[in-house]
There are 2 protein chains.
Amino acid sequence: MAVAKAKVTAATDPSVITNKLEEDIALGRILPRERLIEEELALRFGVNRHVIRQVLMELETIGLIIRQKNKGATVRDLLPEDVINIYAVRELLEGKAAELIEMPAKPEVVARLKDIQERHAKAAEAGELTNVFRLNLLFHKTFFAACGNPHLADAIQHFALKAHIARSLTVGDPKLLRRAVEEHAEIVRYLETADRANLVRLAVEHIIPSKDAYLESYRRRFGE
Amino acid sequence: MAVAKAKVTAATDPSVITNKLEEDIALGRILPRERLIEEELALRFGVNRHVIRQVLMELETIGLIIRQKNKGATVRDLLPEDVINIYAVRELLEGKAAELIEMPAKPEVVARLKDIQERHAKAAEAGELTNVFRLNLLFHKTFFAACGNPHLADAIQHFALKAHIARSLTVGDPKLLRRAVEEHAEIVRYLETADRANLVRLAVEHIIPSKDAYLESYRRRFGE
DNA sequence: CATTGGAATATTGTCAACAATGGCGTTGAT
DNA sequence: ATCAACGCCATTGTTGACAATATTCCAATG
């Protein structure tokens, strides 16, 4: 594994480790086709291999890694086709959720989103990729939780995670980052003004640039 | 556990056990709030407790059971609210998939669906609930796999499983069963005649009766 | 008689040792 | 020099024993 800071930070809770590995994959610290070796991870996180196995199973059901019996786990390699299909579902789910969000939004929800948005913007400016990642995730989660259908919100979260592999190649692109930050602010504004039409439109359009960036990047690497 | 046939049938593969338990839950052999005890299951399936733990984790991520640390697993109790929310997502996903299915459908797909439909009808007539359950699942899976987006098909499968708890109360209702069988035949016909509009309509409407039946049953049990 | 404390039991969580498997390199033959 | 067979090493899979935690039941006390 090419992960630099292999500090032994005892993190007993499996879900904490899962999140950390999701982050590593999303930020491109672990790349597609790269192997994840149970014992290495156990050492790195200061837990028993047993815990890591559980984490790897979770990552597999999310779709971030692939496990083969007696062979081990590798980060999944998404083909353009996969990315297109995943984003098709995301657009469907997130568009629907935006339609369902109660308008005008509860003040506390708006306040929380504003707070997250501002911290996200700051992290983006400072180039703190880890925080950018976390706050972006939190923004989306908070936003879609407001749709009032927890099962829909879960599905959205699930597919956002799946897409992380695709985003790993283009995350950190300052241009995309700036645009995302701006659009988050715009979303909050639409919520406040109860502008449903624009909210739905932007909720769908907001994720497209990262899809296109991945497809573009793939083309550059492997040609047409 | 109220499961009668506690035969010790060695089923080494975790997914086989998972399917069996899904079936038990879907057919109401294990009811909501009922506990699933690891050692009992290990004994019943003739496997190590360790395997059962894995199965329970899978059932938890599907959403069929709830696990609490040091307390164990119970079949999830779906409130009407949950059922409504789950079905809202199902309608969204399945409607979209029906829109995407290539028309006219490949002959081999139609042939396979016809075969499944006929076996399903026979099982329904014979009152073989287990086979009805399996063939119904297989029909839906085969149908939605034809949408060309495997990620969408997976999500549909996922939510169909979630809904199984809700269906456990009304499965076996001969009237609902007859209707489902008929509608499957109808779906095949629409596929053959490339009747997109009706296909999409029926794909969405097809699942509504079981939702309504659950809500009705819930009202009967707990009042308004 | 209700209530609280605590032991006994039932159940799940964690671990370390061992078994099984697959990949890789070496050796030997042609 | 190339290729196949074999054995070794890295890695994952499986198991049983032990630890930690919750639940139940009973008894003692007010």
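Every chain is numbered from 1, with letters handed out A, B, ... down the list of sequences.
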Stepwise side chain to side chain contact (heavy atoms under 4.5 Å, CB included) check, B:Ile65 with B:Arg35:
CA-CA 9 Å; B:Ile65 68 171; B:Arg35 274 188 82 183; over 6 Å; no

What is the separation between atom CZ on A:Arg53 and atom P on D:dT12, rounded to the nearest whole Å?
8 Å

Rounded to whole angstroms, how far apart are CD on A:Glu38 and P on C:dA16?
15 Å

Between atom NE2 in A:His50 and atom C1' in D:dG16, what is the gap in whole Å?
13 Å

Quick check: are there more than 12 heavy atoms from other residues, nucleotides or ligands sitting under 6.0 Å from CZ of A:Arg33?
no

Would you kindly say whether A:Tyr87 and A:Ser210 are connected by a side-chain donor-acceptor distance under 3.5 Å?
yes

Where protein sits on nucleotides 18-25 of chain C, one letter per nucleotide: B base, S sugar-phosphate only, - none, heavy atoms under 4.0 Å:
---SSS--

Between B:Glu102 and B:Lys106, does any side-chain N to carboxylate O distance fall below 4.0 Å?
yes

Between atom CD in B:Glu39 and atom C1' in C:dT9, what is the gap in whole Å?
13 Å

Are B:Lys162 and B:Phe159 in a cation-pi contact, defined as NZ or CZ under 6.0 Å from the six-membered ring centre and within 45° of the axis?
yes

Nearest-Å distance for atom pair CG/P, residues A:Leu56 and D:dT11
14 Å

Taking CD1 from A:Ile52 and P from D:dT12, how many angstroms apart are they, rounded to a whole number?
11 Å

Grab the CD1-P distance between A:Ile17 and C:dT14 for me, whole Å please.
11 Å

A:His140: what forms a ring pair (Phe, Tyr, Trp, His ring centres under 6.0 Å) with it, not counting sequence neighbours?
A:His184, A:His206

Using whole Å, report how far CZ of A:Arg67 lies from P of D:dT11.
16 Å

Selected nucleotide, minimal atom distance to A:Asn48 side chain, candidates D:dT15, D:dT12, C:dA16
C:dA16

